[in-house]
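Heads up, the thing below is written out as structure tokens.
The structure presented is a predicted model; accordingly, all values stated were derived computationally and were not measured. Note: hydrogens, waters and symmetry copies are ignored here, and every other heavy atom, side chains too, is used. Chain A is the first sequence line, chain B the second, and so forth, proteins listed ahead of strands; every chain is numbered from 1.
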Amino acid sequence: MKISILVNEGPYTHEASDSAYLFARAALAKGHEVSRVFFYHDGVNNATRLTEPPQDDRHIVDRWSKLAEEHPVDLVVCVAAALRRGIKDENLAPGFRISGLGQLIEAGIKADRLVTFGD
Amino acid sequence: MKISILVNEGPYTHEASDSAYLFARAALAKGHEVSRVFFYHDGVNNATRLTEPPQDDRHIVDRWSKLAEEHPVDLVVCVAAALRRGIKDENLAPGFRISGLGQLIEAGIKADRLVTFGD
Amino acid sequence: MGEVKKFMYVNRKAPFGTIYALESLEVVLIAAAFDQDVSMVFMDDGVYQLKKGVDTKAIEVKNFQPTYRALDDYDVNKLYVEAEALEARGLTAGDLCVPVEVLTRAQIGKLMEEQDILLSF
Amino acid sequence: MGEVKKFMYVNRKAPFGTIYALESLEVVLIAAAFDQDVSMVFMDDGVYQLKKGVDTKAIEVKNFQPTYRALDDYDVNKLYVEAEALEARGLTAGDLCVPVEVLTRAQIGKLMEEQDILLSF
Amino acid sequence: MLHIVNKSPLDRNSLEACVAAAQAGGALLLIEDGVYAATRGNTAATALKSALDRLTVYVLAPDLAARGMSDALIEGVRLVDYGGFVDLVAEHSTCQSWL
Amino acid sequence: MLHIVNKSPLDRNSLEACVAAAQAGGALLLIEDGVYAATRGNTAATALKSALDRLTVYVLAPDLAARGMSDALIEGVRLVDYGGFVDLVAEHSTCQSWL
């Protein structure tokens with residue numbers, strides 16, 4: 001089954017980002033296709049390559065990048081939400097791309113399921 | 001009177017940042033000293049120089065920078081919260097500085113009032 | 001192409017306190033270009049998004065309420081508002097800036113079952 | 001130097017769902033170095049921060065509960081918990097990971113009046 | 001002391017928590033989405049009215065106007081602008097934001 | 001359909017809103033701070049029990065364990081892990097997150 005995911009909150013601040021990641025991993029493990037993860041609202045903050053969490057904590061941004069490296073998961077950051085929050089190509093982490101809201105609607109149209117994680 | 005302010009939420013996402021700014025302006029207009037604004041939690045996202053809001057909207061980050069230019073207001077971003085969220089010297093807006101949580105406690109000790117804006 | 005899905009946008013948050021109302025509206029405007037079946041639901045504090053008489057000058061924030069009135073131009077005209085939410089807030093449909101259909105929570109719950117995609121903000 | 005103020009940290013949010021509990025604790029640890037009069041209050045969902053038996057392995061998040069047990073080493077030992085909050089959540093002081101003083105809301109409200117600085121998370 | 005509430009009373013519990021703890025004679029300032037608590041017909045306005053016996057209640061006018069609610073303010077509540085907010089902070093020795 | 005609630009029932013209104021709208025026969029999954037609603041002694045657990053007559057209620061075990069609440073789960077509620085969460089999404093044609 002083709003599943004897309006919408007992430008509305010930033011890393012660390014809200015569990016939404018963790019839940020979305022663990023859900024994506026579990027879906028892939030079950031043999032589903034996670035075609036796209038769309039980052040909106042503060043969710044765009046998941047895409048900054050400048051994040052440096054404490055050594056003993058998970059690295060949320062790297063985790064997403066690794067997911068996109070290992071699987072054909074399209075990590076899309078909403079351009080309008082990103083500009084408002086200071087996420088641009090110059091601080092974008094590997095595996096993410098910046099694009100328009102149309103990519104969210106398209107994900108909704110093409111996927112069998114769309115699951116939202118937010119606040 | 002010496003007033004310090006704590007901002008716990010990011011720009012645009014939550015009104016806390018707007019409220020804190022308008023409060024700071026009003027306090028200065030009344031002749032009070034706004035000695036320090038401390039940015040914690042997602043509040044550190046107020047300090048990114050990469051923010052680019054739509055033309056017809058307020059520019060929250062520039063507004064803070066301008067406040068610090070016009071008045072001796074110390075804009076301090078918590079280093080631990082900032083590292084977690086990808087705010088570093090390389091994307092720090094003018095007028096802000098990155099420092100430790102001790103600066104918040106010190107603000108509490110030295111100021112006559114500490115007002116918190118958050119979620 | 002040609003496939004039409006039913007998209008419902010569920011708004012449960014007050015405007016201005018957080019950005020969800022504004023950014024949700026931006027999604028709906030984009031969605032309108034995709035020729036899908038679009039509807040918007042306003043429940044709980046979400047009904048405040050439509051309260052007319054907004055004046056944001058003193059908080060120096062953009063007033064995006066006119067955009068709700070422009071939705072019809074984008075062929076987004078299925079706007080549902082929760083009856084119980086209006087009542088608990090002392091509001092009626094006449095207090096809102098656009099014409100809406102007032103439904104009970106249970107009716108909204110039923111409509112949700114008919115959707116292909118639910119997006120909540 | 002020499003001036004001692006009464007700092008109270010008010011925690012009203014559940015742990016793990018958001019970062020406030022963890023980052024609030026980081027403030028308290030730093031504050032301890034300043035030789036001020038420090039107390040922590042746990043109200044409403046904040047009482048969940050102290051619920052013992054935490055196991056975060058399956059959500060891959062750091063368990064910061066041991067830090068509450070270390071607070072005493074930092075001379076932070078005035079921990080107040082709201083009685084009504086415990087009761088509404090089916091909890092007792094025995095369910096918590098550290099010794100606390102249980103107070104009513106009204107008693108906590110009175111204590112607040114005695115503070116110089118209130119920080120809420 | 002000054003209590004500040006910024007959440008809608010029908011979405012969050014912060015107003016209720018504040019009123020339960022606040023000592024008689026204190027001040028309560030409603031800002032941001034908190035202003036809805038002082039609007040006519042809101043089911044929380046009844047609770048607020050009983051709080052008015054013990055507390056002086058203020059509403060931040062800029063936030064009320066932004067929400068199109070200026071006409072709906074309940075009686076007994078005082079309007080302040082940001083300057084008035086600053087004065088309230090100055091007049092009370094401490095303030096607690098009910099986040 | 002599948003309803004997902006991630007907020008504590010004593011802090012926010014999302015569980016209440018969800019249960020009022022959810023049609024009989026649907027599924028409800030409690031995640032993140034939403035898991036507290038299914039713990040013994042929580043005043044919201046009573047409301048949840050009445051919802052159990054109309055809905056199948058699931059709790060995300062990893063979130064329950066993280067909060068030290070595994071022993072407090074009320075009866076009639078089913079535990080799932082993230083794999084079970086994925087299965088619930090796959091089994092229901094739509095899902096609504098009550099943010």
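Two residues are said to be in side-chain contact when any heavy atoms from C-beta on lie closer than 4.5 Å; F:Thr39 and F:Leu73 fail this criterion. A 4.5 Å side-chain heavy-atom check between D:Glu82 and D:Leu86 finds every atom pair outside the cut-off.
With a 4.5 angstrom heavy-atom cutoff, F:Asp63 touches chain D via backbone and side-chain atoms both. No part of D:Glu60 comes within reach of chain F, as not one of its non-hydrogen atoms sits under 4.5 angstrom from that chain. Only the side chain of D:Asp45 has a heavy atom closer than 4.5 Å to any heavy atom of chain F. The contact between F:Arg40 and chain D is made entirely by backbone atoms, counting heavy-atom distances below 4.5 Å.
Partner of D:Asp37 under the side chain to side chain donor-acceptor pair (under 3.5 Å) criterion, out of D:Lys5, D:Lys78, D:Gln115: D:Lys78 alone.
The side-chain tip of D:Arg89 does not point at the ring of F:Tyr36 from less than 6.0 angstrom away and within 45° of straight on.
Within the model, atoms CG of D:Leu71 and CE of D:Met40 stand 5.5 Å from one another, a figure rounded to the nearest 0.5 Å.
Heavy-atom pairs under 4.5 Å with chain F were tallied for D:Asp95, D:Val54, D:Thr56, D:Asn63; the largest tally goes to D:Val54.
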